Structures are given as structure tokens and as C-alpha cells.
Novice: 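I'd like to ask some things about the structure below.
Please read these numbers as outputs of a predicted model, since none were measured by experiment.
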Amino acid sequence: MSSKKSERVIDSPQFPRTTQMSSPTSPVADPLRSVFLGVDVGTGSARAGLFDEGGKLLGSSSSPIQIWKNGDCVEQSSTDIWLAVCAAVKAACSQAKVAPIEVKGLGFAATCSLVAVDADSSPVSVSWSGDSRRNVIVWMDHRAVEQAERINSFNSPVLQYCGGALSPEMQPPKLLWVKENLQESWAMVFRWMDLSDWLSYRATGDDTRSLCTTVCKWTYLGHAHMQHINDQNSRDMEACGWDDEFWEEIGLGDLIEGHHAKIGRSVAFPGHPLGSGLTPTAAKELGLVPGIPVGTSLIDAHAGGVGVIESVPPSEAEEHDKEAISNRMVLVCGTSTCHMGVSRSKLFIPGVWGPYWSAMVPEYWLTEGGQSATGALLDHIIESHAASPLLANRAASQKISVFEFLNKLLETMMIEQKQSFVAALTEDLHVLPDHHGNRSPIADPKSKGVIYGLTLDTSEKQLALLYLAAVQGIAYGTRHIVEHCNAHGHKINTLLACGGLSKNPIYIQEHADIIGCPIILPRESESVLLGAAILGAVASRKYRSLSEAMKSLNAAGQVIHPSEDPKVKKYHDAKYKIFRDLYTQQLEFRSMMAQALA
């Protein structure tokens, strides 16, 4: 057990919470106006956004949430998260001048973190510390690597639906870790829930789980419900997709008891209305009206997919080709990056999660690639560099972000060094961005990050080069995922990007150049919030289906095209080969050291 002194508390908020909003004014309610509210709980904050019937953002707000990090253990508090959600919703309504009566539907999206509560819905600790506030194992927590390896050794048939192996970021390994290490907590827990399902439960009192969360993170076999896709009463289908043999085999057979009551005895398609809508208690806490329809939830990345995948230029949208959507991949770029592609037929792709039936787009099989640290990696590289404090001060003095400052510095360096394109600045610097393991397509949680080409230089310019090489490394990782998916049956030729990193022009242009595909940015940059709001719109019966709502509320913005300069392609092809070799060499070195210590 790590000592408590090594803990770091990050973004610890002091109540009352601070939120960015305009001066509050009392909105004039228009009962005929339909506004849809989306809530997204990310790694560091809870956000709320309000959208009109055209999918236009009317206003948004965010509130920080607390996070504890101690080695591989990363934890949060569901109580703290709910308080942050309430603060963000109230501030967003104030900023957008939306009256509670105008909100006609609500949807939740969240990270795929694991929540533990007892029979009274009170928090149960999942922490070595025993602190009952810490009842959430955060998605990025890697405490259960050994449990994941043990589970994978059984080669259960369910594993073929998650790329052949469970990640330590999925729920079964984490559940097994708690059972083996925190027996008292294990005995107390009455419900184990994905965070977005817990938010919906907290809002409605309905314990129905989402097909998105259960299929993608719990090994639930969603295709058991193929016959229910057009069933209007499918909102609380009996959970018939659990593989009981799997749970018994891995040592978690007690979760089968009571028709799987602790992990989900009923499931629903995303967007189906839950219970009787918002409970009076939750409505009061959120500053909303009781009974507002609440849609079955989505994982945050999948909500980003729902909020962006139909954001194509009118010329493409008019084709009405059911297969066109299968040629797209959504990059949800935040702390980590998720790569979401869909197909009409199920495609089994080694090292890539899925195929998951109807986990994002109804009636389509979802393929989900991913990189465990992208925004987190760039932050780490910048913040751990000797030049970081000076850089932050200079960016602040110019009233721009650190990323904007670095992008401008790279443009200046390109001119000074007489290079014809920015990417050429990193010819001697190469990054394998596996600092938090490789999620896809290698599926190696033990993979380590590599930086090749370091010198004694600690200047701002050297940091700018390191930042650019890391961006390129991330993009080469995405190229590897796209090529791997296409080699196994996908036909991806267009990317759509959303999330914080998609607002960084160098990040997006490098991806376009390296992968060789156009990248479409949505009209509304807050795609995850829009995806969550779409769930509320579907729950309110404004739209007949999630697909209809997506086509109505998604809209394309800027399109970024790859460079047409053949030198750029030749350069990146060479660097991509080096990128692939860095992992191959790592395996060789790992084997050499294992033999030396044998």
C-alpha cells in the first residue's frame, strides 16, 4: 500500500463553486420554446449545455470536480460530482437565459468511471484510505492490471467482443480488484454503476442501465436485444445479455445473484425515457422542473460520437446513403482520445474494442479504438519541462493559451530555419506516446512512452519541438488505428473531430497530413454536450429515434484537408516507420531484460 503522503489532490474545489457565467437575469419563460439540456462529467469538471431545436448552443457552464491520485489509483466522489453538476446546470441556465419550464429534455454523459453505493444509495469507499467519499474508481485508474491479465487468461467467448482482451480500464478487472483487496467495501455495495448510469439514477430513481455502458465496459452482449430495436417499450428490457459463465469463471459469480441486481437487471437503448422523469428532489437541486424526461445515458466519448458523426457537408448528407456513415471515424480528443467507427456488419478486430451492437448508433456495430493519454500527455510534457513556468508567464502576458503560444513559436522557428512546413522541425525528435500504455491497436497496458532525440537544451524552443513531436506521435498512433481497422474490414476515409484538442489547429492539421484524410469539425464545438442533449430530445419524443435526432441536430463546420505537398507525405511516412519501430524495439528490450533477470 502506498503511503498517504504521496497523494495528490487536484482541482479540489472550495464551496461555493466558482463558475464562469454572465450576470444572472431572470429569463422570460416561453413555454412554446423547446430547449434540451446536456450534462457531461469529464475527468476534471462537470459541464452543462443548453441547445435549441436546431442544435445551436445557447449557453454552457462548468464546475470543477475533485480527484485523488495515488500511484495507479485514481478516485473521485459521486457526492462531489453531483454538487458540481447542479452548480453547472444552474449557471448554464442563467447564462443562456433559459427558464426551467423551457427545458423539455435532459441527458447525461460521463467518463466510464465505476461508482459504488450501498442500499441507501450512500457512497461506499473504493479506496485504500477507507475514505467513504472516494466511491468512484476513475476510468484512467490502472490498479487492476494484474486482474485484467488473469481474466484474459480464461479466453472467455465474451472477450471476442472487446478486441480479444479486457483493458484494466474496464469494469470487471476493477470489480475483481475491490473484491480481493477491500472485502468490507465489497460486502457493503448494493449497486455497482457506470458513472453516467449513476447520474441518470440520481436524477430519476430508475436503476435501468444503458446499452452503451454495459456493452462497452461490462462485457454485456447487446446483440441479445436485436429483436427489440423498434420496440417502443424497450426502455426497461430484462438484462438477458450477461454471460453468467464468464462472471463465475473469473471469480465474480456473486454478481449474478438477484438477476444481476448489483450490476444491472434491466437495460435500455440510449435516449429511452427513464422512470417518470426528473424526481422532485433532483429537480430542486438542479433548479429545474420535476418530470422533465431524462434519456438513458451514454459514455462521454460515445456522446461525442452522437453529437458529431452526422456533421457532414450538405452534399454528403443529401446522398441518403446508409453506408456513408460507415466510412467515417469520430475522434473524441480530450484527456484521452477515443476513435469511434460504425459498420452494418460486425467486424472482429484484434486489439480494438468491440464490435458493440447499438452502443452508439442504433442498429450499427461500434468499433472503438483509443489512446489512453493524449491531452494528458501534452499537459505532462509541457508542465514537466524546465521552461514551463516561463512559457506560462509569457503566454499569460499575451493573453493567449500555452498551446497558442507554442503554435506561434513553431511558425516562427519554421521561418527562421527556412523549412517549407512546420512538421519538418522534428526530423531528429521522435515520440512513442504510450506513457499510459497502449490501448489500441496493440492493447498493451505495459507499453511505455519513448522520446528519442533528447539533448541538454531546456529552452522554450526545445519544449516547442517536444510538444510538436508528441502531437505527431499521437497522430501516428491514430494512423495505426485507422490502418488496422481498414485492414480488418472498415472503409474509413473521413475523420470527424471534437473535444478540447480539436480546437488546436496544429493538432488537427498534423492529424490530417499524417493520416491522409480530411477532418470535419462540427459547427458546434461542444459535441459531447450536444450528444447528451440529443438523449434528452429523444426522451421527450421530439424525435422518433436517436438517428433522426442526430441528422437534425448535427451540422458541419470547417473541413481540414491534408497537405497536397508530396514532401509532407514522404516525411511523415518516414517518421511513421520510426514510430512503429520504437515499439518493436521496446519489446526486444523488454525480453532482453526479462531474460537477464530470469
Side-chain angles (χ1 to χ4, degrees), residues 112 114 148 151-167 169-176 192-194 196-197 207-231 233-272 296-299 301-302 305 340-370 443 488-489 546:
C112 49
L114 179 64
I151 291 170
N152 290 333
S153 72
F154 289 108
N155 292 316
S156 169
V158 299
L159 299 183
Q160 67 180 313
Y161 287 94
C162 51
L166 284 186
S167 161
E169 295 173 11
M170 292 178 177
Q171 310 306 12
K174 291 174 180 174
L175 292 166
L176 187 57
W192 292 103
M193 308 186 80
D194 236 76
S196 61
D197 284 332
D207 186 24
T208 299
R209 312 299 174 95
S210 169
L211 266 186
C212 175
T213 58
T214 51
V215 169
C216 295
K217 304 301 170 187
W218 297 72
T219 72
Y220 189 82
L221 301 176
H223 44 283
H225 298 284
M226 278 187 171
Q227 72 274 23
H228 295 132
I229 188 67
N230 295 312
D231 183 356
N233 297 317
S234 64
R235 70 183 187 185
D236 42 20
M237 303 176 291
E238 182 182 350
C240 60
W242 295 115
D243 184 328
D244 291 352
E245 285 186 21
F246 165 75
W247 293 100
E248 289 173 347
E249 188 176 55
I250 68 172
L252 293 175
D254 38 346
L255 295 178
I256 299 169
E257 296 169 8
H259 300 287
H260 314 93
K262 289 187 178 182
I263 57 175
R265 60 166 52 177
S266 61
V267 297
F269 293 99
H272 274 279
T296 305
S297 67
L298 284 165
I299 298 166
H302 303 65
M340 325 290 278
V342 297
S343 57
R344 296 294 285 183
S345 57
K346 58 183 173 182
L347 301 172
F348 295 99
I349 306 176
V352 177
W353 297 348
Y356 300 136
W357 184 75
S358 285
M360 187 175 81
V361 180
E363 299 186 78
Y364 284 83
W365 293 87
L366 171 67
T367 294
E368 183 184 348
H488 287 83
L546 194 67

Novice: Would you say that L211 contacts H225 through its side chain, given a criterion of any heavy-atom pair below 4.5 Å between the two side chains?
Specialist: yes
Novice: For residues Y161 and L221, determine if any side-chain heavy atom of one lies less than 4.5 Å from a side-chain heavy atom of the other.
Specialist: yes
Novice: For W242 together with Y220, are the ring centres under 6.0 Å from each other?
Specialist: yes
Novice: Going through the checks in order, is the side-chain contact (heavy atoms from CB on, under 4.5 Å) test met by L114 and D194?
Specialist: CA-CA 5 Å; L114 179 64; D194 236 76; 5.7 Å; no
Novice: Counting only heavy atoms not in E245, do more than 12 sit closer than 6.0 Å to its CD atom?
Specialist: no
Novice: For G489 and L347, work out which heavy atoms get closest and say how close.
Specialist: C-CD1, 3.7 Å
Novice: Does the side chain of S210 pick up a donor-acceptor pair with the side chain of T296 at under 3.5 Å?
Specialist: no
Novice: Could you state the interatomic distance from CD1 (I151) to CE (M170), rounded to the nearest 0.5 Å?
Specialist: 11.0 Å
Novice: Closest heavy-atom contact between C212 and H302?
Specialist: SG-CG, 3.6 Å
Novice: Go through the side-chain N and O atoms of E238 and H259 and say whether any donor and acceptor fall under 3.5 Å apart.
Specialist: no
Novice: Does H260 have its ring centroid less than 6.0 Å away from the ring centroid of W247?
Specialist: no
Novice: To the nearest 0.5 Å, how far apart are CD in E363 and CE in M226?
Specialist: 9.0 Å
